J.: 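Here it is, the structure in full.
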Protein chains: 2
Amino acid sequence: MRATQRRAAIRADHAPNAGTGQLDLGPLPNLTGYVLRRTQLAVFDDFIRTFALLGLRPAQFSALIAIQRNPGRKQSEIAAALGIKQANFVALMDKLDQRGLTRRVRSSTDRRSHALTLTPKGAALLQKALGVLEKYERRFVSQLGSGEHERLLELLRKIRLVSSAR
Amino acid sequence: MRATQRRAAIRADHAPNAGTGQLDLGPLPNLTGYVLRRTQLAVFDDFIRTFALLGLRPAQFSALIAIQRNPGRKQSEIAAALGIKQANFVALMDKLDQRGLTRRVRSSTDRRSHALTLTPKGAALLQKALGVLEKYERRFVSQLGSGEHERLLELLRKIRLVSSAR
DNA sequence: TATTGTTATACTCTATAACTATA
DNA sequence: TATAGTTATAGAGTATAACAATA
């Protein structure tokens, strides 16, 4: 759909070391945001491949957990706790409902809102997923050591606070 | 575009503690991937707001750095080094070209390929951006301490390796 | 035949505005 | 008026397939 770009017909050789070794990325490999992003992408790729067996994406997985731990809560509360916009959470819940994993029940006290719960099928799938998760997560802990892994999470939480405090 | 969902008209009260305190997210706040994701989103939000003055998104910023450090390299090499698919890198480069920040020059040795360079305008913008970046990055280092910050990056690199080794 | 850059396309995630039904 | 859920829509990011020019 973009208009085709026409560029100057200037000629030049590539850099002398073109095609050989690695590129110099300057400060990028030491930037908090860059390392965070590349790592997060790798971890999510891994997660998605691992949980594809169960048909669960990261956000779906987190929604099932949140509903299990807080049955009967409003849709907007669950969404907010997960950092997902209410409007975007609707499609996610539609999928889980369609698959028979969750149920939205009109509240009798406030008929605007939905109380979310897991179906038995949803609870069973989540149990299976939690089993997979344990092995999945153990790899990180065993590669880093339990102390270092906990330290990583603490540092990430600190960084998050620094960023969101603006 | 989705078909409208019809749901059962069952009624139920919300959870007794609905509307009160925080939700219990169970294992989520201690999961590598979850904490990584929430942190990365917060850091990127912060980055995007900070560099909106200069009109630079994270990927554009990283592209300018990579081109500056490796002038004359092929478009495909720069894209690969940044972990961006060649097909998706085209639109990114179109934008930078249109803004007069970069130039794509046909190689005289391999006329299929483009040698990427910064224009003087691009180099000047990047200099400004690097100045902003230094202050931006300093917040993380000073909040964590230089040693802890370096440790964080090391742990992230290790985690990335664990995930991508599959 | 293979590679470079490109186009087209689709899917996910995210963000905002506006509607509806209820309060 | 305000809130909960929803719809529509748009913008990024990402993934694959296929094409033209060139090797």
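Predicted model only: the values in this text are computed from it and were never measured. To find a chain, count down the sequence lines: A is the first, B the second, and so on, and within it residues start at 1.
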J.: Quick one: does B:R69's side chain have a donor or acceptor within less than 3.5 Å of a partner on A:L23's backbone?
T.: no

J.: Using a 4.5 Å cut-off on heavy atoms from C-beta on, say whether the side chain of B:T102 contacts that of B:L116.
T.: no

J.: Can you find a side chain N or O atom of B:K74 that sits less than 4.0 Å from OP1 or OP2 on C:dT4?
T.: yes

J.: So, OP1 or OP2 of D:dT22: does either fall under 4.0 Å of a side-chain N or O from B:R111?
T.: yes

J.: Here's one to test your reading of the geometry: is the NZ or CZ of A:R139 within 45 degrees of the ring axis of A:Y136 and under 6.0 Å from its centre?
T.: yes

J.: Are B:R103 and B:D97 within salt-bridge range, i.e. N to O under 4.0 Å?
T.: no

J.: Could you tell me whether A:R73 and B:D24 make a salt bridge, using a distance below 4.0 angstrom between a side-chain N and a carboxylate O?
T.: no

J.: What is the distance from CG of A:D94 to P of D:dA8, rounded to the nearest Å?
T.: 12 Å

J.: Given A:M93, which partner from the list A:H114, A:Q60, A:Q75 fulfils the side-chain contact (heavy atoms from CB on, under 4.5 Å) test?
T.: A:Q75

J.: Assess the residue pair B:S163 and A:F44 against the criterion (side-chain contact (heavy atoms from CB on, under 4.5 Å)); give the C-alpha distance rounded to whole Å, side-chain angles, the decisive distance to 0.1 Å, and a yes or no.
T.: CA-CA 8 Å; B:S163 285; A:F44 261 44; over 6 Å; no

J.: Quick one: is B:R73 getting a side-chain N or O under 4.0 Å of the C:dT4 phosphate, OP1 or OP2?
T.: no

J.: At a heavy-atom distance below 4.0 Å, what parts of residues 29-45 of chain B sit against DNA chain C?
T.: B:R37, B:L41

J.: Using whole Å, what does the distance between atom P of nucleotide D:dA20 and atom CZ of B:R106 come to?
T.: 15 Å

J.: Starting from C1' on D:dA12, measure out to CD1 on B:I48 and report it in whole angstrom.
T.: 9 Å

J.: Would you jot down, in residue-number order, the residues of residues 80-88 of chain B having a non-hydrogen atom under 4.0 Å from DNA chain C?
T.: B:Q86, B:A87

J.: Start at the 5' end of DNA chain C and walk down; is the nucleotide closest to A:K95 or to B:S76 reached first?
T.: B:S76

J.: Provide, to the nearest angstrom, the distance between the CZ atom belonging to A:R112 and the P atom belonging to C:dT22.
T.: 10 Å

J.: Between D:dT14 atom C1' and B:L92 atom CG, what is the distance in whole Å?
T.: 13 Å

J.: Does A:E150 have any side chain to side chain contact (heavy atoms under 4.5 Å, CB included) partners at least two apart in sequence or in another chain, and if so, which?
T.: A:L153, A:E154, A:R157

J.: Please report the C-alpha distance between A:D46 and B:R160 in whole Å, then the side-chain angles of each, then the deciding distance to 0.1 Å, and finally whether the salt bridge (Lys or Arg N to Asp or Glu O under 4.0 Å) criterion is met.
T.: CA-CA 10 Å; A:D46 186 13; B:R160 181 177 162 190; over 6 Å; no

J.: Tell me: CD of A:Q75 to P of D:dT7, nearest whole Å?
T.: 10 Å

J.: When you check the phosphate oxygens OP1 and OP2 of C:dC13, does a side-chain N or O of A:R57 lie under 4.0 Å from one of them?
T.: yes

J.: Side chain of B:H114: nearest nucleotide among D:dA23, C:dA21, C:dG5?
T.: C:dG5

